[in-house]
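Lettering of chains follows the sequences in order, A, B, ..., and the numbering in each one begins at 1. These figures come from a predicted structure and were not determined experimentally. FYI, side chains are in, hydrogens and waters are out, and symmetry mates aren't considered; it's all heavy atoms of this structure.
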Number of protein chains: 2
Amino acid sequence: MSGARESDGEAQPWAEVTPDAARRLLVAAVEAFAERGYHATTTRDIAGRAGMSPAALYIHYKTKEELLHRISRVGHEKALEVLNTAARGAGTAAERLAEAVRSFVCWHAAQHTVARVVQYELDALGPEAWAEIRGLRRQVDAEVRGIIEDGVASGEFDVPDVRGTTLAVLSLCIDVARWFSADGPRTPDEVGALYADLVLRMVGAKQDASRPA
Amino acid sequence: MSGARESDGEAQPWAEVTPDAARRLLVAAVEAFAERGYHATTTRDIAGRAGMSPAALYIHYKTKEELLHRISRVGHEKALEVLNTAARGAGTAAERLAEAVRSFVCWHAAQHTVARVVQYELDALGPEAWAEIRGLRRQVDAEVRGIIEDGVASGEFDVPDVRGTTLAVLSLCIDVARWFSADGPRTPDEVGALYADLVLRMVGAKQDASRPA
DNA sequence: AGCCGGGCTAAGCGCCCGCTCAGCTTCGGC
DNA sequence: GCCGAAGCTGAGCGGGCGCTTAGCCCGGCT
């Protein structure tokens with residue numbers, strides 16, 4: 001709600017990356033990593049997409065891995081922010097869960113290029129970078145588990161295995177980044193709505209709670 | 001049902017790969033690809049794990065990509081076989097869907113090393129190999145969609161969007177290969193059971209249909 | 001006007017990649 | 001006992017990788 005348009009796509013998600021050339025390199029790296037994977041992408045390819053010489057990359061980033069690290073951190077922060085906004089809003093547990101899944105999935109679909117890198121290139125990170133990212137991922141997990149626990153406590157949900165169900169819900173949402181294509185038949189909003197409904201079913205919520213029609 | 005033990009793990013899944021040295025190389029490649037990814041794995045690493053010199057690889061396989069292709073095809077065939085056995089058994093749509101998800105998920109968890117390669121290294125394949133694999137993937141999709149359509153037709157399931165729900169169910173199952181770890185708290189069988197339950201909820205099946213207790 | 005420093009490039013270093021090839025060993029058929 | 005084929009190795013080729021360095025350009029301060 002309130003955001004300019006929902007299907008922003010690639011509007012200006014990297015406004016916080018400050019030198020302009022650094023941002024162009026980072027955007028180029030996201031595209032390349034998403035298309036071919038981190039290890040199959042060369043620094044020459046990244047620099048070429050950004051319209052620069054290979055050496056220019058090393059003025060703004062110490063190594064190729066630092067590029068991945070930056071993408072990964074900013075991407076995780078964005079996804080977490082989207083999730084938190086929905087999770088901490090007002091409403092019943094069912095409403096919050098539906099909105100959390102809807103917006104989280106919508107982001108993974110609309111930003112599937114970034115999301116693909118963020119979710120599937122993690123093991124190219126070194127131990128320190130990975131430790132930092134793992135903290136963000138734990139926050140994501142805790143946020144979703146919190147809503148589900150609320151729903152169980154209030155009697156809205158029927159969930160025998162809270163940790164397992166949380167894992168499954170997040171797994172479902174994250175995997176959107178793998179299969180979603182802008183050329184496909186569904187818009188990010190449609191996928192978000194479908195997934196919100198499916199997740200409410202998974203937790204045994206009363207269906208009429210968030211389906212007005 | 002009937003199979004020796006459920007959590008076979010790495011029993012002898014590559015019995016059909018005939019020269020013994022070729023099998024050892026293939027098993028080594030599966031391990032290496034699953035750990036580091038296809039592009040980050042070197043032919044020297046594969047040969048080393050198999051206890052051979054780098055050149056030995058090229059006696060049994062034309063290129064490194066052919067190794068991936070072989071792994072991918074055999075892996076997809078195994079997964080499809082597991083799914084088909086369950087999907088084409090007797091029983092209501094709910095029972096068949098539950099058993100299909102249970103065994104498919106169980107395979108992805110127990111064989112998560114292979115499954116990881118099969119599901120996440122696909123885009124390293126060339127166009128011809130990818131076209132072949134895509135055919136197998138379509139069969140997987142059609143099999144699951146068939147059960148869900150049966151359940152809708154018989155009134156067992158309540159599914160507004162069959163294609164979307166099929167996609168979500170398969171996505172959920174496949175993603176198990178990404179997060180499952182043998183060191184984790186759950187056995188493959190436990191994950192299979194949990195997921196079968198969650199999927200029955202997603203399709204709006206009557207819960208008591210397959211829960212004896 | 002003169003200079004200084006950051007942004008950028010052309011060139012290239014050292015390394016390791018996928019893959020090849022000549023030659024060695026081994027073993028079944030006669 | 002000899003031969004040819006198959007399996008395998010040690011050495012190495014061509015090339016592309018991540019990354020560095022010397023030097024150019026240009027805008028801003030004095």
Using atom [atom1] of [X] as one end and atom [atom2] of [N] as the other, report the distance to the nearest whole Å.
| X | N | atom1 | atom2 | result |
| --- | --- | --- | --- | --- |
| B:Arg36 | C:dC16 | CZ | P | 14 Å |
| A:Arg24 | C:dC8 | CZ | P | 7 Å |
| B:Lys64 | D:dG16 | NZ | P | 16 Å |
| B:Tyr38 | C:dG18 | OH | C1' | 9 Å |
| B:Leu68 | C:dG18 | CG | C1' | 15 Å |
| B:Tyr61 | C:dC19 | OH | P | 14 Å |
| A:Leu57 | C:dG7 | CG | C1' | 14 Å |
| A:Asp45 | D:dC19 | CG | P | 15 Å |

Has the side chain of A:Arg44 got a donor or acceptor atom sitting under 3.5 Å from an opposite partner on the base of D:dG16? no
B:Tyr58 six-ring centre to B:Lys64 NZ/CZ under 6.0 Å and within 45° of normal: no
Salt-bridge criterion met for A:Asp175 and A:Arg178 (N-O under 4.0 Å):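 Looking at A:Arg178 together with A:Asp175, the answer is yes, because their closest N to O distance falls below 4.0 Å.
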Can you tell which of D:dT21, D:dT9, C:dC8 lies closest to the side chain of A:Ala55? D:dT21
Of the options D:dT9, C:dC19, C:dC8, whose atoms approach the side-chain atoms of B:Ala56 most closely?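 Within the option list, the nearest is D:dT9.
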Quick check on [N]: is either OP1 or OP2 less than 4.0 Å from any side-chain nitrogen or oxygen of [X]?
| X | N | result |
| --- | --- | --- |
| B:His60 | D:dA6 | no |
| A:Tyr58 | D:dC19 | yes |
| B:Ser53 | D:dC8 | no |

When all nucleic acid strands are considered with a 4.0 Å heavy-atom cut-off, which category describes B:Thr42: base, sugar-phosphate, or nothing?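 Sugar-phosphate: the residue B:Thr42, judged by heavy atoms under 4.0 Å, touches backbone atoms but no base.
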Can you tell which of A:Leu68, A:Leu67, A:Ile46 makes a side-chain contact (heavy atoms from CB on, under 4.5 Å) with A:Thr41? A:Ile46
Sole residue of A:Thr165, A:Asp150, A:Val152, A:Val162 in side-chain contact (heavy atoms from CB on, under 4.5 Å) with A:Phe157: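 Per the side-chain contact (heavy atoms from CB on, under 4.5 Å) rule, the option paired with A:Phe157 is A:Val152, out of A:Thr165, A:Asp150, A:Val152, A:Val162.
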Heavy atoms from other residues, nucleotides or ligands near CZ of B:Arg49 exceed 12 (cutoff 6.0 Å):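 Count over threshold, so yes.
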